[in-house]
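Within every chain, numbering begins at 1; the chains are lettered A, B, ... in the order of the sequence lines, protein sequences first and strands thereafter. Remember, it's a predicted structure, so these values are computed and weren't measured experimentally.
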Protein chains: 2
Amino acid sequence: MPATEIIERTLARGGYRLTAPRRALLEAMQDLDDHFTAEDVVTAAPEVGRATVFRTLRLMQDIGVVCQVVLDDGSVAYRLTSGGHHHHMVCSQCGAVADFTSHDIEDVLQQLADRTGYEIDAHRLEMYGRCPRCRALPDE
Amino acid sequence: MPATEIIERTLARGGYRLTAPRRALLEAMQDLDDHFTAEDVVTAAPEVGRATVFRTLRLMQDIGVVCQVVLDDGSVAYRLTSGGHHHHMVCSQCGAVADFTSHDIEDVLQQLADRTGYEIDAHRLEMYGRCPRCRALPDE
DNA sequence: ATCCGCGATGAGAATAAGTCTCATTTGCAG
DNA sequence: CTGCAAATGAGACTTATTCTCATCGCGGAT
Ligand SMILES: [Mn+2]
Ligand SMILES: [Mn+2]
Ligand SMILES: [Zn+2]
Ligand SMILES: [Zn+2]
């Protein structure tokens, strides 16, 4: 949950202009669910042009403020992120996404690289299941 | 690299009809690269209807004959698979995809689940980097 | 404070990607 | 062989994303 201010500073640091549309989109994304589609953003910020939404989404990914989540049906959603490498756990019941990091996972991947001769310089791990809260619920 | 025959048996086992279009698409996919888009298949099998290509792609995923690969730009490609749970390593230089399985990874994920209280019933891991062959090449 | 250049924007068209409809075909169980 | 439910395909349709280009406005320089 990155503060608007931090994000704006990140933008500036990258040499990007701090424009009204970018501010508006940022705010819109913060008001949206924990993950959202490009179209959600278009709808949530009708005053901003469609092209700008897509451009901004890409920009924010580049500077690490927004990340992609691959849902279990293969579709992609976006999500504000506090930056840094991490993974996702998507609850199939309530739809919530949680961020995860794990040294163990990174270690195992490094070992895999060593063992196979591949040079892994990025990876993506998405997990699907049920969150503790949903598991605790009575119902089916 | 599953033999056509095995796939056809898998189809039959699932109670699906062994139709000419399905045969044609299967052959087309085998002739394509190690991964391909839906559009690639449409092009490679012009005699088969567009809708059937998409339907068949989904069907083959359902029966485990085709899997999705999430590329590093977030786009999705398809790939014939010998079935079973596995992960991908995508070479950013030559584009080749290799399948991977690792007990260590599965173990670590199970531990993560235990520790966090999440119930993980599926996951997706894609790795990006360079394959041994490309690393061995002289050039930049 | 003002200016100016270039990055950024938006309306809308264009393209890409995937889905739907429904009349016709066809695999295959009986 | 027959009958019929499953499967197909043409092409329209919907949805997603990119492109174009005239105009705008952020922010470094003065
Ligand atoms: Mn990781
Ligand atoms: Mn796995
Ligand atoms: Zn949940
Ligand atoms: Zn390679």
Side-chain angles (χ1 to χ4, degrees), chain A residues 4-5 7-29 32 35-63 65-79, chain B residues 4-5 7-29 32 35-63 65-79:
Chain A
T4 308
E5 200 194 324
I7 297 177
E8 298 191 338
R9 203 174 308 155
T10 307
L11 263 180
R13 198 180 332 125
Y16 299 102
R17 291 190 183 168
L18 197 45
T19 67
R22 283 175 185 166
R23 266 189 250 263
L25 290 178
L26 210 43
E27 196 167 328
M29 290 186 215
L32 284 169
H35 64 280
F36 44 80
T37 63
E39 202 55 38
D40 290 337
V41 180
V42 169
T43 305
E47 74 277 18
V48 177
R50 181 171 210 70
T52 299
V53 169
F54 283 90
R55 283 189 290 237
T56 303
L57 231 25
R58 196 168 340 183
L59 169 66
M60 299 221 175
Q61 273 176 262
D62 289 348
I63 66 174
V65 160
V66 159
C67 65
Q68 291 184 334
V69 186
V70 182
L71 302 179
D72 52 359
D73 67 352
S75 66
V76 174
Y78 300 93
R79 177 174 163 79
Chain B
T4 307
E5 199 194 321
I7 298 178
E8 296 191 340
R9 203 173 309 154
T10 307
L11 262 182
R13 198 179 333 125
Y16 299 102
R17 292 188 182 171
L18 198 45
T19 67
R22 283 174 185 167
R23 264 190 251 264
L25 290 178
L26 209 43
E27 197 167 328
M29 290 185 214
L32 285 169
H35 64 281
F36 43 80
T37 64
E39 203 55 40
D40 290 337
V41 180
V42 170
T43 305
E47 76 275 17
V48 177
R50 180 175 206 69
T52 299
V53 169
F54 283 91
R55 283 189 288 237
T56 303
L57 232 24
R58 199 168 340 184
L59 169 65
M60 298 219 173
Q61 274 175 262
D62 290 347
I63 66 175
V65 160
V66 159
C67 66
Q68 291 186 334
V69 187
V70 182
L71 302 179
D72 51 0
D73 66 353
S75 65
V76 174
Y78 300 92
R79 176 175 165 78

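Between Thr19(A) and the phosphate of dG7(C), there is no side-chain N or O to OP1/OP2 separation shorter than 4.0 Å. For Arg22(B) and dA7(D), the shortest distance from a side-chain N or O to OP1 or OP2 is below 4.0 Å.
We find that CG of Asp73(B) is positioned 15 Å from C1' of dA16(C), with the value rounded to whole Å. One atom, CG of Leu18(B), and another, C1' of dT8(D), lie 15 Å apart when rounded to the nearest Å. Counting to the nearest Å, the P atom of dA7(D) and the CZ atom of Arg23(B) are 14 Å from each other. Between Arg50(A) atom CZ and dA13(C) atom P there is a gap of 13 Å when expressed in whole angstrom units. Across the protein-nucleic acid pair, Phe54(B) atom CZ and dT14(D) atom C1' stand 13 Å apart, rounded to whole Å. Here dG18(C) presents its C1' atom at 9 Å from OH of Tyr78(B), a figure rounded to the nearest Å. Rounded to whole angstrom, the span from the CD atom of Glu47(A) across to the C1' atom of dT9(C) amounts to 13 Å. The distance from atom CD of Gln68(B) to atom C1' of dG18(C) is 14 Å, rounded to the nearest whole Å.
If Arg55(B) and Tyr16(B) are placed on DNA chain C by their nearest nucleotide, the residue sitting closer to the 5' end is Arg55(B). Summary of the strand contacts: Glu39(B) and Ala20(A) both lie near DNA chain C, and taking for each the nucleotide with the nearest heavy atom, the more 5' one is attributed to Ala20(A). Across the interface with DNA chain D, nearest-nucleotide mapping of Gly15(B) and Pro46(B) shows Gly15(B) to be the residue nearer the 5′ end.
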Using atom types as modelled, flag every donor-acceptor pair under 3.5 Å from a side chain in residues 15-24 of chain A to any protein atom, sequence neighbours excluded.
{"from": "Thr19(A)", "atom 1": "OG1", "to": "Arg22(A)", "atom 2": "N", "distance (Å)": "3.3"}
{"from": "Arg22(A)", "atom 1": "NH1", "to": "Arg17(A)", "atom 2": "O", "distance (Å)": "2.7"}

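Checked by distance alone, Arg17(A) brings a side-chain donor or acceptor within 3.5 Å of a matching partner on the base of dG7(C).
When only modelled atom types and interatomic distance are considered, Thr43(B) and Asp40(B) share no side-chain donor-acceptor pair under 3.5 Å.
Here OG1 of Thr4(B) is found 11.0 Å from CG of Leu11(B). Values are rounded to the nearest 0.5 Å.
The minimum heavy-atom distance linking Ala38(B) with Val53(B) is given by the pair O-CG1, 4.0 Å.
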Run the side-chain contact (heavy atoms from CB on, under 4.5 Å) test on Arg50(B) and Glu39(B) for me, step by step, so that the C-alpha distance in whole Å, both residues' side-chain angles and the decisive distance to 0.1 Å come before the verdict. CA-CA 9 Å; Arg50(B) 180 175 206 69; Glu39(B) 203 55 40; 3.0 Å; yes

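Within 4.0 Å of Arg58(B), counting heavy atoms only, lie sugar-phosphate atoms of the nucleic acid but no base atom.
Of the candidates dT8(D), dC19(D), dA10(D), dA10(D) carries the atom nearest the Ala51(B) side chain, counting heavy atoms from C-beta on.
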